[in-house]
6 protein chains.
Amino acid sequence: MKKLVSFGELLLRLSTPDYLRFSQASSFDAVYGGSEANVLISAANFGKPCEFVSVLPDTDLGRRAARELQINQVGVSNIQFTGKKLGLYFLEKGAINRGSKVIYDREHSAFANMDPESLDWDEIFKDCDWFHWSGITPAVSENAAKACKIAVDKAHERGITISGDLNFRGNLWQYEVDRKQVMSDLVNKTQVLLAGHYACKQFFGLEAEIGSGKDLSSKLKDQFPELKTVAITNREEINASHNKWSAQLFSEGEAYESVQYDIYPVVDRVGTGDSFMGALIYGIQQFDLQKALDFAVAASCLKHSISGDVNRVTLEEVLKLVDGDRTGRINR
Amino acid sequence: MKKLVSFGELLLRLSTPDYLRFSQASSFDAVYGGSEANVLISAANFGKPCEFVSVLPDTDLGRRAARELQINQVGVSNIQFTGKKLGLYFLEKGAINRGSKVIYDREHSAFANMDPESLDWDEIFKDCDWFHWSGITPAVSENAAKACKIAVDKAHERGITISGDLNFRGNLWQYEVDRKQVMSDLVNKTQVLLAGHYACKQFFGLEAEIGSGKDLSSKLKDQFPELKTVAITNREEINASHNKWSAQLFSEGEAYESVQYDIYPVVDRVGTGDSFMGALIYGIQQFDLQKALDFAVAASCLKHSISGDVNRVTLEEVLKLVDGDRTGRINR
Amino acid sequence: MKKLVSFGELLLRLSTPDYLRFSQASSFDAVYGGSEANVLISAANFGKPCEFVSVLPDTDLGRRAARELQINQVGVSNIQFTGKKLGLYFLEKGAINRGSKVIYDREHSAFANMDPESLDWDEIFKDCDWFHWSGITPAVSENAAKACKIAVDKAHERGITISGDLNFRGNLWQYEVDRKQVMSDLVNKTQVLLAGHYACKQFFGLEAEIGSGKDLSSKLKDQFPELKTVAITNREEINASHNKWSAQLFSEGEAYESVQYDIYPVVDRVGTGDSFMGALIYGIQQFDLQKALDFAVAASCLKHSISGDVNRVTLEEVLKLVDGDRTGRINR
Amino acid sequence: MKKLVSFGELLLRLSTPDYLRFSQASSFDAVYGGSEANVLISAANFGKPCEFVSVLPDTDLGRRAARELQINQVGVSNIQFTGKKLGLYFLEKGAINRGSKVIYDREHSAFANMDPESLDWDEIFKDCDWFHWSGITPAVSENAAKACKIAVDKAHERGITISGDLNFRGNLWQYEVDRKQVMSDLVNKTQVLLAGHYACKQFFGLEAEIGSGKDLSSKLKDQFPELKTVAITNREEINASHNKWSAQLFSEGEAYESVQYDIYPVVDRVGTGDSFMGALIYGIQQFDLQKALDFAVAASCLKHSISGDVNRVTLEEVLKLVDGDRTGRINR
Amino acid sequence: MKKLVSFGELLLRLSTPDYLRFSQASSFDAVYGGSEANVLISAANFGKPCEFVSVLPDTDLGRRAARELQINQVGVSNIQFTGKKLGLYFLEKGAINRGSKVIYDREHSAFANMDPESLDWDEIFKDCDWFHWSGITPAVSENAAKACKIAVDKAHERGITISGDLNFRGNLWQYEVDRKQVMSDLVNKTQVLLAGHYACKQFFGLEAEIGSGKDLSSKLKDQFPELKTVAITNREEINASHNKWSAQLFSEGEAYESVQYDIYPVVDRVGTGDSFMGALIYGIQQFDLQKALDFAVAASCLKHSISGDVNRVTLEEVLKLVDGDRTGRINR
Amino acid sequence: MKKLVSFGELLLRLSTPDYLRFSQASSFDAVYGGSEANVLISAANFGKPCEFVSVLPDTDLGRRAARELQINQVGVSNIQFTGKKLGLYFLEKGAINRGSKVIYDREHSAFANMDPESLDWDEIFKDCDWFHWSGITPAVSENAAKACKIAVDKAHERGITISGDLNFRGNLWQYEVDRKQVMSDLVNKTQVLLAGHYACKQFFGLEAEIGSGKDLSSKLKDQFPELKTVAITNREEINASHNKWSAQLFSEGEAYESVQYDIYPVVDRVGTGDSFMGALIYGIQQFDLQKALDFAVAASCLKHSISGDVNRVTLEEVLKLVDGDRTGRINR
Ligand SMILES: [Ca+2]
Ligand SMILES: [Ca+2]
Ligand SMILES: [Ca+2]
Ligand SMILES: [Ca+2]
Ligand SMILES: [Ca+2]
Ligand SMILES: [Ca+2]
Ligand SMILES: [Ca+2]
Ligand SMILES: [Ca+2]
Ligand SMILES: [Ca+2]
Ligand SMILES: [Ca+2]
Ligand SMILES: [Ca+2]
Ligand SMILES: [Ca+2]
Ligand code: NI
Ligand code: NI
Ligand code: NI
Ligand code: NI
Ligand code: NI
Ligand code: NI
Ligand code: NI
Ligand code: NI
Ligand code: NI
Ligand code: NI
Ligand code: NI
Ligand code: NI
Ligand code: NI
Ligand code: NI
Ligand code: NI
Ligand code: NI
Ligand code: NI
Ligand code: NI
């Protein structure tokens, strides 16, 4: 298999244990993640060769962050170590009707301050057949946005398949920019997109019929003709502990629907969309589109039971759930 | 804003971690709480100035207990430090069909042994517009009962609004006493009462139609003409992990009903009634009665997701739930 | 009361904390259990005198394992300490649609290597009125199977009531053997059997109507005429966190049905069948059969809320649930 | 071997983890101990049959406390379960130049409130050859003092060897009493006494040459002619983390000296005197007096490395240290 | 007593538990501290009224940080809440010959970005008799340096006693500045200074005889004539776990020497200099200079046994150590 | 740089937390290690490319074990995954005069049962300039011994430098074998040997003057003429918490001595010899022999402060200690 490459920031997540509030915590559980890295790890779980491109600080914590990818079989030889500040975020895990809270502390990080010209994409893209980006990267800083655009342009030139996740984060984008232009430049060269109603409206002013994935997909494809496949995940939030989870795929005139999973009690929902995306990339390359969708929804259903930002499941475990075994029976 | 004052005992709670039984525990999680202090902290969360009056032992643990109130913005300058024993209770948290168990160890505490004449209520009640008592205080000891009566009398003389929570605890009341007389002396001067069918029968022999809050409220008001507002909370206990939660208010001929919240899995239900009461006091002063009720139910719904005896929520968080957002969505 | 005796292996269980996957764990929670010991502890909870017969390694861990029985009021004077390896298993607790995983490490243990002639059953069976075996013991090794057969023969000779739990474990039975013969030798002398469709088919080739406990019970009794009472537990696995639990009893032409309990979130389901069996043995001796069944189902319902392999409940707690109080209300 | 019996209170100890101060702790580590029980467990480690006589509350915590003795091979069939309050104490472990702090909470406990006539000493003393008491028991309450006197009188009548530990605790003795008389009644019938300069002065007004164990021993034997053997432990407290530890024995005109152990960092010094006493009782019965002393000092040296109130060492481990191997080498 | 005021940044410290390296940690212990706040808490322990002036982010973590001061009896009414980033640092605790490591993450914090004109010093300095600053504050940012200068000028105008701690931190000072000028402006109006050879050389190019506190003090007083008292702490670092600790004071021609404390194993040395300074301020106001020095050294000796940045000791505890009791004996 | 290769077993270590005894533990801390892997990780810390050859079970735990090497930059592409049992050992960490205890559970592991012919050494040894073996591998099983001999023979044929560590483990060697022959076959082709008096006597009957490394080295070189360099580590065990640590090197007629480090309190001494060996291999290739020895002793001195079997230090950290900075000062 050829490589899947992505580019983005890796963060230290500091979360309160046992559903404590920020004001109650005397320790924080530490894990490492970030949307683009999460996508890679999700695909690497199934055997896809993956490579992460990033900038991390030249400190013990920066090096520790990179090791998280190595443990999860993702290549790190194109990570730069420079600067001092690691991007991080604090997470207070919610329960019942109390939602989770996030406090970002990632401005001025080594990644945000990166030199957008410093990456050798020709080298990076050797043996690569898929590049993935997310809307978080251009939101981090002007430099990150520039680097992301260069990566997409280079991948496109080489005929590499490109996927993206719109991932609107209102709390980022802390610099002067024409967001629509930045995002359009990326989507214009993208074939597979994970999208949502809210992000499409925020980025492109694009309004579809409420709840209609089909309509949203059509409008996106009208605006971005290179788009071939649009995926939409549907989270029904009964409360912070109880969600229902499903997804749709729209590709070449066909619409695909997944089953819906009833998820409670939620163990950790951070990174579930990313686990969906990584499994979808793998699925599109290995299966037909219906099975790719079913595979991605099952993989991300399982992610809700796993602590941390990244999915840790095997091909066999996901396929067992795709085949309908929801029992959680012990094998002994 | 003027002050809310309450008087009662502050306890150390020692609970088994991770749903362990008493026989399994090799450590206990420690928090501090008590019905009256919990009410104050609930109100202080929203900005109400609060003052707790109590007696704590003159030990490192007694001083630590008082600090819990300071952390939560409740005044402690009228707490006496004398004696040696801190009241405490052991809690085994239940799950599924196994209920929680409590072992009290509060007899002969510094609070129980207090001198009922030792408190300077004229000083305490300066700048105060509301006094709250609970039925736990007179149940602790004869001295505590006497002190509670003095407090209510003094508050009444000064025209301060008085609220009470009947809070029947069968395992306390370990001294010779005419309970009905003691409790009637308190309710006689009370305007706002949190009550329940079982407590009304135990204390006053007062029996209302089963499940009818309206009937119970009428009979209470007949017996205690100064009562203006009666609140009743309704907990439907499907099991220890799954409750439904709502409340009613009866005031000046009007009946108010809240929505019902579906609560699972319960994180910590101790002190939820107290969080309701504190939010109701705040709500009555700030909102109309329907909104005060909705506010108190939402605040106490959130308490079920928070470890410990006391609520830790902001005005904004409660109002968001009052406005109907139960999704527990992450804001990022 | 006379003694209940059982014979089997005691294992160290090493489980990942907080629903972590094996790949995430940096510590393991340690408890001790095993099907036969679990049955004894379940019965000992209610006051039945119990005695465990086993072989444990002559190490600090072997001695620690035996202490677990002493803590739970089970006699250990017939445990041999010899050899070096303690049987153990690793448990990854599942959640939502991710099932639990077990990795056994019990081959070549002190128990598996035991001398089948070394136990003095005449001594052991003094003051004993019930012997219990499980299908796990003959699955461990040829020596264990021989010892189990000797025990059943000796008990039968002395007129002791014999119960068994088929407990099919496909991952054991790692030696050359005619399973059907081994198991038939045991069931032939058994009066009370805990059975299931799958185990009956695997061991005896016996196929009953799908879902019909009555049919299964009839066919078992045809094949094994000494059988008087057949019990069947029914677990509906909605997912790993949510189960429904009930049971049936078939005895002397009568069929008994229990109520069904809705169980979520599951705290620990390992050993629930064993807790059912121990409570059933106690119940059959103390109550009529319908109450014995109700008692066993209620006891094992509670087990789902208790960490570890063994049940820790009192007679009063079980009877309260038998009487229909599922509220999990706090008694204070 | 015949039994060693002791009588006293069993306490729950709640200690702050990781050297935290009381004001910092959000949990407490829980262990069970008490001077007399600690002595028994120390002797039981080496194979001496032991029996503990006490009164514990009729609660889940009272029953859990008794189990601690069972785990450690001490008989519990003469423990009464009645009342509600378990004696307990809070421990803040010191370090460097900050000493440990203890807050007692044992007044009005089930043990303190016991009925001194309720114990059947004739039954208890069957098969017993040694009774041990400590000065903590008469300090707890008048009832406990009476019961202790009865026990000593009964043991003496039967010709059982009696040992005692003066164990002066200034914070107890909270009732009206002639301490000298109470203690003299016990020591008058005692053959083996663990004593110290300070306790002898406090109880008996007996002043010996500073630092001279020999002189102290002589004066004790003058006053209490039945005394045959006096033991004195010497703790040189360099600071809370660093102690030096040795002991002396005076018996029938001979003086015995132990080696001195250098102990740092102290893991847990609570109960080290008790572990000395239990090992001394065992040693006197099994060895000559010099070896008995060496054995007791080595056993209690090891106790400093073990968390909790009770020693957990084997005969082999102590004898290895008696033989001079202080290396702490790994055996593998 | 009048107030002690200080101004500086409050940080969240995230430290690895149990001496783990950064690369090993899966959680971080969280405490709050900062040199100036540590000084205040140290003085507040003894009853000195204290007030902290600072800028914290308007987030749940910013508010939690402020509560740490309230718990420790330090006033917070002059803390501004604005901005988003809390200053923080990561700490890897060393052991034996491996030193501790610190990774700062405090650039661009709410404090660093503060408005230097925004503080109402006339209001703040009411009822104040002492102001303390440290060299860390001007090192944080140009704005912080300006604010610090204003504070010192205002205090000086009002005749308030001023103390400072040079506290050289090479890793800060990340802006263009004439350090000597900035620091001289502060020391010029300071009466009591905690200084060291290295800091004096870095800031003022001032070189004294190696190891001679007296010479250093003279040269400082020559350069800064308003200086009356110079304190120097002496840490002999045998290794990370074993330090020796003493101090000197030079005032009006007199030299004072403290005893030396032998400290091992070090529990937490962060903030020990600050605990010295806070105790010295208290001591100078309450005792003669020799006792003030002894008091400050004893208080900071105890700090080495206490986890976190701040000291938690009582007046009695420090005076006991001043009186020479290093035994760490348990009081019971 | 060319690769360092080693071959051996990787074990799961389960250790009791906080110095608890086996009988007290309710959880075990889990790390992965093994003498040969520890050597590789020690060298990889400094940038040496390393490759581990082994057999691990085909389970989630086997795969997790391999990841430990990846995290630490050691290649794993020649690890086979087959079989079910992971080798493991239980560790009770000692303190003061109580030594650590180890219970091995590694018989019949996937590694012990390996096929000695299954490894492609020609492939493995590409780009390799050093092979390391330890005496533990032939002790595990006959198959492992055969595989180890093949590896040494193949490495020797290719002119690769060979090092060994005698590592005598009396509790292993559980099969019929002529130990002297097996070990001689390995040492005969070895150039660099880590040896000790006891191992030399046990394996080769070789007795040197007590305490004379020089004499031991001479006798080894007489018997094994290919040996060029002999290293000896000296551990002075004052007790389990306090060791002194130094080493010697004998090479081509020269003797080299290191400084001695005073080590207390020991955090984790398991694997310190291995960390010495890995650093020595690196040192011999990079430095002169005296500095290589100093480097290896400093690296392994630091290992005593690090939890787990493997060292985690940087080149800079070790060189700083080599240069004599033992202060453990914080860099900030
Ligand atoms: Ca947790
Ligand atoms: Ca993320
Ligand atoms: Ca917990
Ligand atoms: Ca409460
Ligand atoms: Ca847990
Ligand atoms: Ca089991
Ligand atoms: Ca601990
Ligand atoms: Ca004790
Ligand atoms: Ca810790
Ligand atoms: Ca600090
Ligand atoms: Ca620990
Ligand atoms: Ca090892
Ligand atoms: Ni947890
Ligand atoms: Ni926890
Ligand atoms: Ni925990
Ligand atoms: Ni836990
Ligand atoms: Ni937990
Ligand atoms: Ni935990
Ligand atoms: Ni935990
Ligand atoms: Ni937990
Ligand atoms: Ni936890
Ligand atoms: Ni801990
Ligand atoms: Ni700890
Ligand atoms: Ni800890
Ligand atoms: Ni810990
Ligand atoms: Ni912990
Ligand atoms: Ni710890
Ligand atoms: Ni720990
Ligand atoms: Ni620890
Ligand atoms: Ni711990």
Side-chain angles (χ1 to χ4, degrees), chain A residues 11-18 20-32 56-68 70-71 83-94 98-110 112-113 141 171-172 174 307-309, chain E residues 11-18 20-32 56-68 70-71 83-94 98-110 112-113 141 171-172 174 307-309:
Chain A
L11 302 161
L12 167 58
R13 160 178 134 181
L14 294 159
S15 62
T16 57
D18 294 331
L20 294 180
R21 302 226 68 176
F22 282 132
S23 64
Q24 297 176 300
S26 60
S27 70
F28 291 95
D29 291 332
V31 298
Y32 297 87
L56 283 166
D58 183 23
T59 67
D60 289 353
L61 291 173
R63 280 178 289 275
R64 171 63 185 82
R67 286 184 178 198
E68 194 66 23
Q70 288 182 279
I71 304 170
K84 286 293 163 205
K85 175 165 172 58
L86 182 62
L88 51 92
Y89 74 103
F90 294 90
L91 173 66
E92 180 188 274
K93 266 197 214 169
R98 175 172 59 82
S100 293
K101 294 181 88 167
V102 163
I103 298 177
Y104 279 122
D105 180 354
R106 56 196 291 185
E107 282 190 78
H108 308 284
S109 70
N113 292 345
S141 70
N171 295 337
L172 301 179
Q174 302 285 331
S307 288
D309 279 30
Chain E
L11 301 161
L12 166 59
R13 160 178 135 180
L14 294 159
S15 62
T16 58
D18 295 331
L20 294 181
R21 301 226 69 176
F22 282 133
S23 64
Q24 298 176 297
S26 59
S27 70
F28 291 94
D29 291 332
V31 297
Y32 296 87
L56 282 168
D58 183 23
T59 67
D60 289 352
L61 291 173
R63 280 177 290 273
R64 170 64 185 83
R67 287 183 178 200
E68 194 65 24
Q70 287 183 280
I71 305 170
K84 285 294 162 206
K85 176 165 172 57
L86 180 63
L88 52 92
Y89 74 103
F90 294 89
L91 173 67
E92 181 189 273
K93 266 197 213 170
R98 175 172 59 82
S100 293
K101 293 181 89 167
V102 163
I103 298 177
Y104 279 121
D105 180 355
R106 55 195 292 185
E107 283 190 76
H108 308 284
S109 69
N113 291 345
S141 70
N171 294 336
L172 301 179
Q174 301 287 329
S307 288
D309 279 30

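Proteins get letters first, then strands, A, B, ... in listed order; numbering begins at 1 in each. As the structure is a prediction and not an experimental result, all values here were calculated from the model.
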Using 0.5 Å steps for rounding, measure from the [atom1] atom of [X] to the [atom2] atom of [Y].
| X | Y | atom1 | atom2 | result |
| --- | --- | --- | --- | --- |
| A/Thr59 | E/Tyr104 | OG1 | OH | 15.0 Å |
| A/Asp60 | E/Lys101 | CG | NZ | 3.5 Å |
| E/Tyr32 | A/Ser26 | OH | OG | 10.0 Å |

Discussion item. Between E/Asp105 and A/Leu86, does the side-chain contact (heavy atoms from CB on, under 4.5 Å) criterion hold? Intermediate values first, please.
Written reply: CA-CA 8 Å; E/Asp105 180 355; A/Leu86 182 62; over 6 Å; no

Worksheet item: Excluding sequence neighbours, so at least two apart, what forms side-chain hydrogen bond (donor to acceptor under 3.5 Å, both in side chains) with E/Gln174?
Response: none

Worksheet item: Residues in side-chain hydrogen bond (donor to acceptor under 3.5 Å, both in side chains) with A/Ser15, at least two apart?
Response: none

Practice prompt. Check each atom of E/Ile103 against the heavy atoms of chain A and say whether the ones under 4.5 Å are side chain, backbone, both or neither.
Written response: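 Answer is side chain: those atoms of E/Ile103 sit under 4.5 Å from chain A.
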
Fill in: Side-chain heavy-atom pair E/Leu88, A/Phe90 within 4.5 angstrom cut-off
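Yes. Closest side-chain heavy atoms under 4.5 Å.
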
Worksheet entry | Between E/Arg64, E/Glu107, E/Lys84, the one whose heavy-atom pairs under 4.5 Å with chain A are most numerous | E/Arg64

Worksheet entry | Worked verdict on A/Arg63 versus E/Ser23 for side-chain contact (heavy atoms from CB on, under 4.5 Å) | CA-CA 8 Å; A/Arg63 280 178 289 275; E/Ser23 64; over 6 Å; no

